[in-house]
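All remarks here apply to the structure that follows.
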Amino acid sequence: MEHSPEHLPTTEAAVTALRALAARHGREIKVIHDIGADRTSRRSAAGVGVTTDPDGSLPHEAHVEFGGLPRVSVRLYPEDDALITVEGVECPDIARDDVPAFLRSVFGGLAHVRARRFPPGHRLVVPLPGDRAHHEHIPAFLLGPWLSRRIR
């Protein structure tokens, strides 16, 4: 893969990178921001009753949806990771810095499905920089047309 991981120190930096990626791939993008301890979905970085992060900033989470096929959404968490969903397949614990590379692989046609005959099963394989790949099990009921066309 030609891109090295970019450093995205904040949720806003990641959203800016995803907007650029959407424009490069001709996709619509919808972003919803959740800012503040009372608005974010998880708060493992702060204690109970704490409203700011250790650096004094408010926790910031964003949910990003891309138009077109495959259906892709990204939830960026304040803890420097993300949950990416591709055609219903959830890929948790993606490092925030890896999110653009992950999406370039999906939108660029490098992501594929690996099938296994015995025991039967399917895995979504998304290549990442540095000869790494993210592997995610695909439940049989989620193996729709877009994923089926990528079986190897």
| said: Looking at every heavy atom in both Gly88 and Arg71, which two are closest together, and how far apart are they? | reply: N-NH2, 4.4 Å

| message | Could you check whether any side-chain heavy atom of Ile29 comes within less than 4.5 Å of a side-chain heavy atom of Arg27, counting everything from C-beta outward? | response | no

| remark: CZ of Phe66 to CG of Leu21, rounded to nearest 0.5 Å, is 6.0 Å

| query | Hey, does Glu90 have a side-chain heavy atom less than 4.5 Å from the side chain of Glu136? | reply | no

| query | Can you find a pair of side-chain heavy atoms, one from Leu8 and one from Leu76, that are under 4.5 Å apart? | reply | no

| query | Do Val125 and Trp146 belong to the same hydrophobic cluster, where Ile, Leu, Val, Met, Phe, Trp and Tyr are linked whenever their side-chain heavy atoms lie under 4.5 Å apart, directly or via other members? | reply | no

Just distance, no hydrogens or angles: give the donor-acceptor pairs under 3.5 Å from side chains in residues 111-122, sequence neighbours left out.
| from | atom 1 | to | atom 2 | distance (Å) |
| --- | --- | --- | --- | --- |
| His112 | ND1 | Leu110 | O | 3.3 |
| His112 | ND1 | Arg152 | NH1 | 3.4 |
| Arg116 | NE | Pro119 | O | 2.8 |

| query | What is the distance from atom CD1 of Ile32 to atom CD of Glu61, rounded to the nearest 0.5 Å? | reply | 11.0 Å

| Taking C-beta and beyond as the side chain, do Glu87 and Leu124 meet within less than 4.5 Å on heavy atoms? | no

| What distance do Thr10 atom OG1 and Asp80 atom CG have between them, rounded to the nearest 0.5 Å? | 9.5 Å

| request: Sequence neighbours left out, what passes ring-ring contact (aromatic ring centres under 6.0 Å, His included) with His63? Give chain and number order. | output: none

| task | Ignoring hydrogens and angles, tell me if any N or O in the side chain of Arg96 forms a donor-acceptor pair with the backbone of Ala82 under 3.5 Å. | result | no

| said: Minimum heavy-atom separation for Val15 and Ala62, please, with both atom names. | reply: CG2-CB, 3.8 Å

| Ring geometry between His25 and Phe107 (parallel below 30°, tilted from 30 to 60°, perpendicular above 60°) | tilted

| Derivation of the side-chain contact (heavy atoms from CB on, under 4.5 Å) call for Ile94 and Leu128 | CA-CA 11 Å; Ile94 305 296; Leu128 296 170; 5.9 Å; no

| Hey, what do you get for CG (Asp98) to CD1 (Ile84), rounding to the nearest 0.5 Å? | 8.5 Å

| query | Shortest non-hydrogen contact from His7 to Pro9? | reply | O-CD, 3.4 Å

